[in-house]
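Here's the structure we're looking at; comments come further down.
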Amino acid sequence: MSAAQSSTPDASPAAASIAQTDLAQMLAGLQVDVREGEYVYATTTDARSLLRDLALATVVEDEGLTCVLRREDADAHGVTYDFIAAWLSLRVHSALQAVGLTAAVSRALTGQGISCNVLAGFYHDHLLVPADRRDEAMAALHSLRDEA
């Protein structure tokens, strides 16, 4: 099975075929969207946890399930957290095998002293950065496009 194909019947081979692999093209066309609100990380080892139901993204790890939630949902349900993030989405359809986009983003944010947690989806990469540094992160990411 090729990288553009999927074993699921809902997959769109046409959509997969437009994924970018050229770093210069990806950076030149880079757009960044901001999801409204603030987001937090929480973790659980309970497979039937409310966190799973509230999660907008999850990662299964040996130690438990990591969930990304809206801060307002976490607060409403008494979920503890210590990192409050803004959620930025890179609007470039990078191929899963593309090389360099995450590194370029990391360099741009590192240059400004901004931490970043990356979630990769099939169509886009998503960045969770400190909520109070959202605008600085956006500026750093836009500078990548301007330099391309």
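For this chain, numbers begin at 1 and follow the sequence in order.
The stretch residues 51-83 participates, sequence neighbours left out, in no ring-ring contact (aromatic ring centres under 6.0 Å, His included) pair at all.
Put simply, the side chain of L90 reaches to within 4.5 Å of the side chain of V105, judged on heavy atoms. T44 is not listed as a side-chain neighbour of R52, based on a closest heavy-atom distance of 4.5 Å or more. Contact check for R70 versus L54: no side-chain heavy atoms found under the 4.5 Å cut-off. For the pair L56/R35, a side-chain contact is recorded, criterion being any heavy-atom separation below 4.5 Å from C-beta on.
One distance of note links CZ of R91 with CD of Q31; it measures 9.0 Å at 0.5 Å rounding. Atom OH in Y39 sits 8.0 Å away from atom CD in E72 (nearest 0.5 Å). Remark: L69 CG to L51 CG distance equals 5.5 Å, nearest 0.5 Å.
Judged by distance alone, the side chain of R145 and the main-chain N or O of L30 form a donor-acceptor pair under 3.5 Å. At least one donor-acceptor pair closer than 3.5 Å links the side chain of T110 to the backbone N or O of S106.
Within 6.0 Å of CD on E61 lie more than 12 heavy atoms contributed by other residues, nucleotides or ligands. Within a 6.0 Å sphere centred on CG of D46, other residues, nucleotides and ligands contribute more than 12 heavy atoms.
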Compile the donor-acceptor pairs under 3.5 Å between side chains in residues 128-141 and protein atoms, sequence neighbours left out, one pair per line.
residue, atom, partner, partner atom, Å
R133, NE, E136, OE1, 3.4
R133, NE, E136, OE2, 3.0
R133, NH1, G113, O, 2.8
R133, NH2, Q112, O, 2.7
R133, NH2, E136, OE1, 2.9

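Of all heavy-atom pairs spanning H126 and G121, the tightest one is CD2-N, 4.3 Å. Nearest heavy-atom pair, L119 versus A57, reported as atom, atom and distance to 0.1 Å: CD1-CB, 3.7 Å. Smallest separation of non-hydrogen atoms from T58 and C67: CG2-SG, 4.1 Å. Taking both residues in full, the closest heavy atoms of T45 and G64 are given as CG2-CA, 4.2 Å, listed atom of the first, atom of the second, then distance.
Cluster annotation: V59 and L127 are assigned to distinct hydrophobic clusters (Ile/Leu/Val/Met/Phe/Trp/Tyr, side-chain heavy-atom contacts under 4.5 Å, transitive). Following chains of ILVMFWY side-chain contacts shorter than 4.5 Å, one can reach L101 starting from V118, so the two form part of one hydrophobic cluster. A continuous path of hydrophobic side-chain contacts links L88 to L144 [ILVMFWY only; heavy atoms under 4.5 Å]. Residues V40 and V79 share a hydrophobic cluster, clusters being chains of Ile/Leu/Val/Met/Phe/Trp/Tyr side chains in contact below 4.5 Å.
L65 forms part of a hydrophobic cluster together with V60, judged by ILVMFWY side-chain heavy-atom separations under 4.5 Å.
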